[in-house]
Amino acid sequence: MCIRKNAYIVQGDWLNFTEMTRENHTKTSLIRVALDVPLSTLFDYSVSDAMQLEIGQRVVVPFGRKEVVGIALEWATQSELASSRIKSVLRVLDDVPPLPQELLTLLRFCSDYYHYPLGMVALSALPARLRDAAPFTAKQALTYRLSSAGEVLDLATLPKRRVVQRRILQTLRLGPGSGAQLRELSASAPAALKALLEAGWVEVCAPSARSAHVFQDAHALTDEQQQAVDAVTRQSGYGCFLLHGITGSGKTEVYVHLMHEMLRPRPELGRRGGGQVLLLVPEINLTPQLEHYFRSRFPDVELVSLHSGLAEGERAQNWLKAQSGAARIVLGTRLAVFTPLPELNLILVDEEHDASFKQQDGLRYSARDVAIFRANQRGVPIVLGSATPSLESWHNAQSGRYRLLQLTQRAVQPATLPVVRCLDVTQLPVQEGLSEPLLAAIESRLQRREQSLIFLNRRGYAPVLMCTACGWLSECKHCAGKLVLHRKDRSLRCHHCGFQQRVPQACPTCGDADLKPVGLGTQRMEEALQARFPAARILRVDRDSTRSKGAWNAMRKQIHDGEADILIGTQMLAKGHDFPNLTLVGVVSPDGALYSADFRAAEKLFAQLTQVGGRAGRADKAGEVIVQTAFPNHPLFQALRAHDYASWAQTLLAERRMAGFPPFVYQALLSAEGKQESEPYRFLQQARAAALALGMPVEVYGVVPAAMPKRANHHRAQLLVQSEQRKLLQEFLRVWKPLLDALPASKVRWVLDIDPLEF
Ligand SMILES: [Zn+2]
Ligand SMILES: [Zn+2]
């Protein structure tokens, strides 16, 4: 058991706070508890004198006819309930230490800012396992490394059939690995690991002393990287830095050096122990790789990851390691922003522009924004990193609210940025989405034994099936969307609601048998390329081909080992993967975003293309990006060719300012849906009338259909409210939200989204 139960007594000041509060209220023994129910209130319970209860502890209380887990949030002197109606706390769960005051403050902030019930915020921040009344017993999560005998072992001497053992040894050559990580390698990994431990080639890492750590400083920093590191480490107290680095400029190396500085004791700054660093990443798929990488750079530092892909027990365990201070580096997706970190002194948000930092259901928070609040609250620096920052962050850097740090050079010389070429598809014959110049470029890569990637952000075979006789289109009967043709299993599938049916033999309207797939998905692209290059090894990477556990890991290995010639991928493939032999990226149909109704579509497209283009030519080979478009002179493509994010951002910001869009205004979106078309509209009209009647200085728009007006048999509409000042919008929402709660809404589901990204 690695949790030092009393560790929290000396860390931080929350205990003093609770002791003080408790002293004041020992006579009353009334506690307010946060519960996971959709009501903006806390619930009063009495506490018997014999019960040892501290603020932040989990308790079991009666609620209705059930017993539920809640969090004790504050002592109370009196209750609005008659004393006869106040029930008592049934049990105090003392299996894990109470939540620290700092985290409780963060949860309160989220509840206030996002206008979401505090109880639901607080309980959703806990790992699922700790929302359970059964006591949690932590299992020892072990980390493994090669023994000295294992390090000198010649793998060639291992019998051939010990494939999994070999794989484990190869993995551990790169650095220590957790049990969970090794289990990912194969179903028989536990047995193979046991054999390796018995043979003495692998050993369990002993947790190291807390402050000392070895830092594998393999890479000298460029001047720009060093300046970035210096700027952040010299910061005392809160400061928000935007690290804008072109793809391949070595942002990760900056993170590594920053971690090194922040983890070691700095007596000159009054820090005698080491610190803790929180690194947030957008993509769950990236965490195993990054975990491995940071482990190899800090072999003696306890590192844990936190994301929804972990087993419940493991996630709770990692969370507790962070809370006890044992884990020094916490690597996680957005939910990790709510991890208790008593010695936190740096937050890093990688790919800060990525939309997956925003949760799209329940508490609709932006982990990036919450992280900034958290850094501010704690008085520590935060670094937002990106090659294509969000316009919000860029604007803040321009106005001086954030400090801009730039990496303009690729870190590994002579690696240069890829050459970007636009092909005008209005002037070129295109077959199955592919023009001759692009095909010729792929051909030359095949001859040179280099890899190509075709980027197409649409999975399936074709986005719609059409009847050539009457114009019938395959539409989802539950949504305002089309059914996508999946050829392999001859099905039509809705990517919005999951509805599936077999491909009809003939047109359901006119009976004609000539049904044609219209448009291009990744499966069709695969077929077309295979027909053109029969000898090429083609790998399709999208949500369909990577659905099974471990599939994506296996594919990544295949790509690295040179066992694929042409990759076809959606944005999954664009994010943060290094493939050194990849020298060509083809972008086949990007134009939809240029005339999308979503005002952020162009911003997103530029970020995507920069990211996917950044995959080309990262080692010693020059890269090329070919974009097929009908608008080669569009400012977006001009900026892409010139690798000029700054001027592109300037163009977009000027447009946004003119149009009155974020970041020049702050928005809240009220969405409603119901089975009858009239219901969401009626609700939203009432909400709008209530808003207008308040007469507050915010802009209240009309009620309009959602971008997807019908989904899964629900009609959807929305109402936008905005203001040029965040404060005014928040003041309005504080008054408006209770009015919304009071509206008759039995037949609608509604949600209020603050700083919405999706409409
Ligand atoms: Zn027809
Ligand atoms: Zn549907």
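Order of listing sets the numbers, starting from 1, for every ligand and every atom in it.
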_R129 and E312 ion-paired at < 4.0 Å_ = no

*Do the charged groups of E603 and R656 touch, with an N to O distance under 4.0 Å?*
yes

*Is it true that R368 and D755 make a salt bridge, defined as a side-chain N closer than 4.0 Å to a carboxylate O?*
no

_Lys NZ or Arg CZ of R487 over Y461 ring: under 6.0 Å, within 45°_ = yes

*Which word best sums up how the rings of F661 and F599 line up, parallel for under 30°, tilted for 30 to 60°, or perpendicular for over 60°?*
parallel

*Is it true that some N/O/S atom of H495, main chain or side chain, lies under 2.8 Å from the Zn ion (ligand 2)?*
no

*Do NZ/NE/NH1/NH2 and the carboxylate oxygens of E351 and R334 come within less than 4.0 Å?*
no

*asked:* Under 2.8 Å from the Zn ion (ligand 2) - does any N, O or S atom of H496 fall there?
replied: no

_Under 2.8 Å from the Zn ion (ligand 2), is there any N, O or S atom belonging to H478?_
no

*Begin with the C-alpha distance, continue with both residues' side-chain angles, and end with the deciding distance and a verdict on side-chain contact (heavy atoms from CB on, under 4.5 Å) for V69 and R131.*
CA-CA 6 Å; V69 173; R131 280 174 244 158; 5.6 Å; no

*Counting no waters, what protein N/O/S atoms lie under 2.8 Å from the Zn ion (ligand 1)?*
C467 SG, C470 SG, C507 SG, C510 SG

